[in-house]
Amino acid sequence: MQHRPLQHWLMKSEPGVFGIEHLQNMPEQRDHWDGIRNYQARNFMRDQMSLGDPIFFYHSNCPQPGVTGTMEVVRTAYPDFTAWDPTSHYFDPKSSPQNPRWVMVDVQFRSRFKRVVRLQEMKACPELADMRLLQRGNRLSILPVTPKQWVFILNLAA
DNA sequence: GCCAACGTTGGC
DNA sequence: GCCAACGTTGGC
């Protein structure tokens with residue numbers, strides 16, 4: 001049952017670590033979004049992400065940063081078990097199964113844009129001036145997107 | 001590789 | 001609770 005309008009999101013990932021093609025190649029084209037170690041980003045997942053929420057897949061820290069496609073929330077927040085694995089890059093000794101500190105969601109691939117909607121391009125659009133992604137000094141890896149911004153970027157990609 | 005802009009940690 | 005030191009993100 002849908003009790004609220006869909007909230008749109010943008011999630012960043014480094015394509016060299018996990019790019020959109022990695023998600024496309026996963027079984028059923030879905031995966032858990034692990035490794036979020038920032039409280040604000042965690043709270044977005046924990047408190048505000050719902051089943052079916054649409055998400056932009058953003059490639060960061062690469063030659064052409066930008067939005068590359070879309071995905072969707074298919075499982076809401078649950079403990080990020082990579083925090084409990086001492087061999088994991090994302091290990092956090094302060095998190096435990098009894099008292100998990102970090103959460104993740106599961107996402108499913110929806111579409112891949114014919115071309116990357118580059119950061120540089122979005123910065124040049126007055127329609128996107130209020131986008132949180134474009135605000136000064138922003139480093140959050142999970143960000144809300146307004147419905148208008150969502151549609152505008154989809155149109156850029158088309 | 002540089003570095004601005006943040007977030008986190010921990011001594012006090 | 002302050003804040004200096006340190007770590008990280010991510011564009012360039």
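Computed from heavy atoms alone, side chains included, the values below leave out hydrogens, waters and symmetry copies. The chains referred to below are lettered A, B, ... by the order of the sequence lines, with proteins before strands, and numbering in each begins at 1. These numbers were taken from a predicted model, which means no experiment stands behind them.
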Novice: My understanding is that only residues two or more places apart in sequence, or in another chain, count here; which of them pass side chain to side chain contact (heavy atoms under 4.5 Å, CB included) with A/Pro15?
Specialist: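 In terms of side chain to side chain contact (heavy atoms under 4.5 Å, CB included), with neighbours along the sequence ignored, A/Pro15 is linked to A/His59, A/Cys62.
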Novice: Just grab all the side chain to side chain donor-acceptor pair (under 3.5 Å) pairs involving residues 110-130 of chain A, residues at least two apart or on different chains.
Specialist: A/Gln24-A/Arg112, A/Thr70-A/Ser111, A/Glu72-A/Arg110, A/Arg115-A/Glu121
Novice: Got a sec, which hydrophobics cluster with A/Trp102, joining ILVMFWY side chains under 4.5 Å apart, including via others?
Specialist: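 A/Tyr39, all in the cluster of A/Trp102.
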Novice: With sequence neighbours left out, what residues match A/Gln135 under side chain to side chain contact (heavy atoms under 4.5 Å, CB included)?
Specialist: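 Residues passing side chain to side chain contact (heavy atoms under 4.5 Å, CB included) with A/Gln135: none at all.
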Novice: Of A/Arg37 and A/Gly137, whose closest DNA chain B nucleotide lies nearer the 5' terminus?
Specialist: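 Checking each residue's closest nucleotide, the 5'-ward one belongs to A/Gly137.
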Novice: Detail all sub-3.5 Å separations between protein N/O atoms and N/O atoms belonging to nucleotides 9-12 of chain C.
Specialist:
unit_1	atom_1	unit_2	atom_2	d
C/dT9	O3'	A/Arg139	O	3.3
C/dG10	OP1	A/Lys12	NZ	3.0
C/dG10	OP1	A/Arg139	O	2.9
C/dG11	OP1	A/Tyr58	OH	2.7
C/dG11	OP2	A/Asn61	N	2.8
C/dC12	OP1	A/Lys123	NZ	2.7

Novice: May I have the distance from A/Ile36 (atom CD1) to B/dT8 (atom C1'), rounded to whole angstrom?
Specialist: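 To the nearest whole Å, that distance equals 17 Å.
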Novice: For A/Ile142 and B/dG7, what is the distance between atoms CD1 and P respectively, to the nearest whole Å?
Specialist: 15 Å
Novice: Atom CD of A/Gln40 and atom P of B/dA5: how far apart are they, to the nearest Å?
Specialist: 18 Å
Novice: Separation of A/Leu134 atom CG from B/dA5 atom P, in whole Å?
Specialist: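 From A/Leu134 CG to B/dA5 P: 16 Å.
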Novice: Quick one: A/Lys94 NZ to B/dG7 C1', roughly how many Å, whole number?
Specialist: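 Rounded to the whole Å, the gap is 13 Å.
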Novice: What is the ring orientation for A/Phe56 with A/Phe113, classed by angle as parallel under 30°, tilted 30 to 60°, or perpendicular over 60°?
Specialist: perpendicular
Novice: Tracing side-chain links under 4.5 Å among I, L, V, M, F, W and Y, which residues wind up in one group with A/Val74?
Specialist: none
